[in-house]
Amino acid sequence: MRIKTISRSVDEFTRERSQDLQRVFHNFDPSLRPMEKAVEYQRALTAAKLEKIFARPFVGAMDGHRDGISCMAKNPNYLKGIFSASMDGDIRLWDIATSRRTVCQFPGHLGAVRGLTVSTDGNVLVSCGTDCNVRLWSVPRPSLEDSDLSSEKSTEVVHSICGLYLQECVILSFTSRAVDHQFEGDLFATAGAQLDIWNHNRSQPVQSFTSGSHSVISVRFNPGEPDILATSSGDNHISIYDIRMSSAARKILMRTKTNSIAWNPMEPMNFTAANEDGNCYSFDGRKNEEAKCVHKDHVSAVMDIDFSPTGREFVTGSYDRSVRIFPYNGGHSREIYHTKRMQRVFCVKYSSDATYVISGSDDTNLRLWKAKASEQLGVILPREQKKHEYNEAVKNRYKHLPEIKRIVRHRHLPKPIYKAKAESRAMNDAKRRKDDRRKAHSAPGTVVTESHRTRRIIKEVE
């Protein structure tokens with residue numbers, strides 16, 4: 001005689017404390033739940049709709065500059081502050097965490113400030129501008145960390161001391177367009193009529209590189225190799241320099257001018273270039289015969305670019321008055337931010353915790369955005385966090401289905417951008433049809449494709 005018994009341990013079903021939740025055991029046999037996929041699909045559809053309902057990316061605007069904002073810099077060692085500079089020479093330090101007001105001003109430049117950067121230790125701010133000056137400032141960190149002072153009082157006190165923080169003023173014979181600091185060390189680079197490498201303790205450049213008759217537009221040091229930097233120049237070239245060598249290591253010829261460059265912090269061999277034609281091009285520094293990925297969506301020149309600290313996304317600001325967030329390996333943006341009052345965007349930055357995006361535009365305002373439009377701010381309970389993770393999981397599972405795909409991808413565009421995209425799409429279709437007709441009526445091997453032409457130009461440059 002056989003008897004089947006169920007043996008259960010008392011410890012598995014007994015709560016240790018009265019506040020603990022009751023343990024519930026589930027049987028995950030799919031035959032017991034024939035409607036499981038239908039229920040999950042409905043949950044994914046609801047989660048996609050709720051994401052659109054709660055999408056409020058705009059956090060706030062920071063007003064104080066009197067002219068258009070030209071550049072920004074973030075402190076690697078301090079999360080709350082961000083530096084901004086405007087066309088009238090005004091440099092400000094902002095508290096973006098609590099008050100979103102000016103903490104300190106750095107008076108000194110007589111013209112537009114074109115470049116800002118902060119040293120790796122967060123103690124030195126370097127600025128350059130059209131007044132042919134490069135200035136080094138000590139960063140007043142204690143004033144930011146003093147939470148007892150009100151924002152107005154803090155601004156007055158720090159502003160009266162800021163004149164003493166000027167360590168050194170180096171007079172240059174040309175206008176500097178950009179500046180960037182080495183990730184490890186005391187060197188920084190300025191871009192202008194030539195590329196100059198400077199040291200904190202010297203008044204003359206340590207090393208100089210010339211790029212022909214055209215000026216250098218932007219410069220960016222590699223986060224993994226301190227001696228490697230990338231520059232873009234007015235002759236449409238992207239150059240990679242090693243400061244231990246006397247000339248450029250590699251050059252890439254683009255169709256149009258490159259306005260800004262950003263290295264991927266998690267994959268330092270890759271960089272992305274913001275181009276004048278409205279696209280961003282991702283390259284592998286070891287194999288730069290052609291771009292790894294072309295990121296399309298802007299309808300005007302991309303003015304600035306910055307990677308997220310995670311290396312999975314980057315943000316761009318464009319002349320078409322919009323801010324977009326791209327995946328590092330995706331051809332199209334996942335988010336677009338715009339307002340009615342925001343004008344041409346000249347600079348963008350990711351916050352050091354990858355939670356926020358800061359943009360500076362021609363209307364004298366800095367704007368703070370959420371990196372994820374529907375993300376809940378503030379303290380989140382563990383059960384809420386698990387619910388958000390579950391919603392993301394079911395959306396990713398059913399994101400290929402038409403209804404969910406349509407809801408997730410839908411974005412409201414300003415009318416000028418919508419019309420420009422339609423016009424651009426029509427022009428690209430006409431160009432594609434023309435190329436197809438030319439290939440159909442040509443002998444095999446006589447039509448030179450764009451990739452072959454680009455490779456030939458790169459070999460000639462090298």
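Small disclaimer: the values here were computed from a predicted structure and weren't measured. Index from 1, following the sequence.
- From Ile82, atom CD1 reaches atom OG of Ser352 across 8.5 Å, with rounding to the nearest 0.5 Å.
- Environment of CD in Glu423: sparse, with no more than 12 heavy atoms of neighbouring residues, nucleotides or ligands closer than 6.0 Å.
- What you find for Ala48 and Ile407 is that their closest heavy atoms are O-CG2, 3.8 Å.
- For Asn275 and Thr258, the side-chain atoms include at least one donor-acceptor pair closer than 3.5 Å.
- Defined by atom type and a distance below 3.5 Å, a donor-acceptor pair is missing between the side-chain atoms of His295 and Thr272.
- Side-chain contact between Lys74 and Asp306 is present, with at least one heavy-atom pair separated by less than 4.5 Å.
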Give the C-alpha distance, both sets of side-chain angles, the deciding distance and a yes or no for salt bridge (Lys or Arg N to Asp or Glu O under 4.0 Å) between Arg432 and Asp429.
-> CA-CA 5 Å; Arg432 191 179 300 110; Asp429 291 343; 2.9 Å; yes

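- Ring-plane geometry between His410 and His412 is classed as perpendicular, the angle between the planes exceeding 60 degrees on a 0 to 90 degree scale with a lower cut at 30.
- Taking the six-membered ring for Trp and thresholds of 30 and 60 degrees, His109 and Trp137 have ring planes inclined between 30 and 60 degrees apart.
- One distance of note links CZ of Arg250 with CZ of Phe283; it measures 12.5 Å at 0.5 Å rounding.
- Interatomic distance, Asp297 CG to Arg324 CZ, rounded to the nearest 0.5 Å: 4.5 Å.
- Judged as a ring-ring contact (aromatic ring centres under 6.0 Å, His included), the pairs with a partner in residues 207-233 (not counting sequence neighbours) are, in order, Phe209-Tyr241.
- In plain terms, the two heavy atoms of Leu195 and Val216 that are nearest each other are N-CG2, 4.2 Å.
- Partner of Phe314 under the ring pair (Phe, Tyr, Trp, His ring centres under 6.0 Å) criterion, out of Tyr328, Tyr350, Phe326: Phe326 alone.
- Between the side chain of His237 and the main chain of Met254, no donor-acceptor pair closer than 3.5 Å is present.
- Residues Asp362 and Phe346 meet the side-chain proximity criterion, which asks for heavy atoms closer than 4.5 Å.
- Between the Asn428 side chain and the Ser424 main chain, a donor and an acceptor come within less than 3.5 Å of each other.
- With contacts defined as side-chain heavy-atom distances shorter than 4.5 Å, the pair His338/Val323 does not qualify.
- For the 3.5 Å distance criterion, the side chains of Thr364 and Arg66 fail to qualify, holding no donor opposite an acceptor.
- Judged by distance alone, the side chain of Arg411 and the main-chain N or O of Val408 form a donor-acceptor pair under 3.5 Å.
- Counted within 6.0 Å of CD on Glu384, heavy atoms from surrounding residues, nucleotides or ligands total more than 12; the atom is thus considered enclosed.
- Nearest heavy atoms, Ala354 versus Ser308: CB-OG, 3.5 Å.
- Few gaps surround NZ on Lys52; more than 12 heavy atoms of other groups in view lie less than 6.0 Å from it.
- The shortest side-chain heavy-atom distance between Ile417 and Ser322 falls under the 4.5 Å cut-off.
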Could you walk me through whether Val179 and Val134 pass the side chain to side chain contact (heavy atoms under 4.5 Å, CB included) check?
-> CA-CA 9 Å; Val179 63; Val134 173; 5.6 Å; no

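- Looking at Ser119, its side chain does come within 3.5 Å of a backbone N or O of Val124 through a donor-acceptor pair.
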Any chance you could lay out the side chain to side chain contact (heavy atoms under 4.5 Å, CB included) test for Cys293 and Asn329, step after step, and finish with the verdict?
-> CA-CA 7 Å; Cys293 183; Asn329 56 356; 5.7 Å; no

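- Rounded to the nearest 0.5 angstrom, Ile325 CD1 and Thr316 OG1 are separated by 8.5 Å.
- Checked by atom type, the side-chain pair Ser84/His65 shows a donor-acceptor distance below 3.5 Å.
- Side-chain contact between Trp263 and Pro223 is present, with at least one heavy-atom pair separated by less than 4.5 Å.
- The two atoms that bring Cys71 and Gly115 nearest to each other are SG-N, 3.7 Å, heavy atoms only.
- Annotation for Gln207 and Ser246: closest pair NE2-CA, 4.5 Å, computed over non-hydrogen atoms.
- Side-chain N or O atoms of Asn236 include one that pairs as donor or acceptor with a backbone N or O of Arg255 at under 3.5 Å.
- In Lys372, the NZ atom is not crowded: 12 or fewer heavy atoms of neighbouring residues, nucleotides or ligands sit closer than 6.0 Å.
- A heavy-atom distance below 4.5 Å is not found between the side chains of Val118 and Val126.
- Shortest non-hydrogen contact noted between Ser260 and Ile305 is OG-CG2, 3.7 Å.
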Contacts under 3.5 angstrom, residues 53-64 side chains, donor-acceptor by atom type, not counting sequence neighbours:
unit_1: Arg56; atom_1: NH1; unit_2: Ile53; atom_2: O; d: 3.2

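- Using modelled atom types, no side-chain atom of Asp90 and backbone atom of Ser86 make a donor-acceptor pair closer than 3.5 Å.
- Between the side chain of Ser282 and the backbone N or O of Phe271, no donor-acceptor pair lies under 3.5 Å.
- Between the OG atom of Ser232 and the CD1 atom of Ile238 there is a distance of 6.5 Å, given to the nearest 0.5 Å.
- Formation of a donor-acceptor pair under 3.5 Å by the Gln182 side chain with backbone atoms of Pro226 is found in this model.
- When atom types are taken as modelled, the side chain of Lys349 and the backbone of Ser359 share no donor-acceptor pair closer than 3.5 angstrom.
- Defined by atom type and a distance below 3.5 Å, a donor-acceptor pair is missing between the side-chain atoms of Glu225 and Asn222.
- In summary, the side chains of Glu389 and Asn391 do not present any donor paired with an acceptor at a separation below 3.5 Å, with no hydrogens or angles considered.
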List the steps, then state whether side chain to side chain contact (heavy atoms under 4.5 Å, CB included) holds for Met245 with Asp242.
-> CA-CA 5 Å; Met245 301 172 62; Asp242 191 336; 3.9 Å; yes

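- Side-chain atoms of Ser318 and Ser300 include no donor-acceptor pair closer than 3.5 Å.
- Contact of the Val345 side chain with the Met303 side chain is not registered, since no non-hydrogen atoms from C-beta on lie closer than 4.5 Å.
- Expressed to the nearest 0.5 Å, how far CD1 of Ile69 lies from CG of Asn365 amounts to 6.5 Å.
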Can you list the steps and then say if Thr231 with Ile261 is a side chain to side chain contact (heavy atoms under 4.5 Å, CB included)?
-> CA-CA 7 Å; Thr231 64; Ile261 297 173; 5.7 Å; no

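- When side chains are defined from C-beta on, Asp363 counts as touching Arg367, because their heavy atoms get closer than 4.5 Å.
- Side chain of Asn259 to main chain of Ala274: no donor-acceptor pair is present (N/O by atom type, distance under 3.5 Å, no hydrogens or angles).
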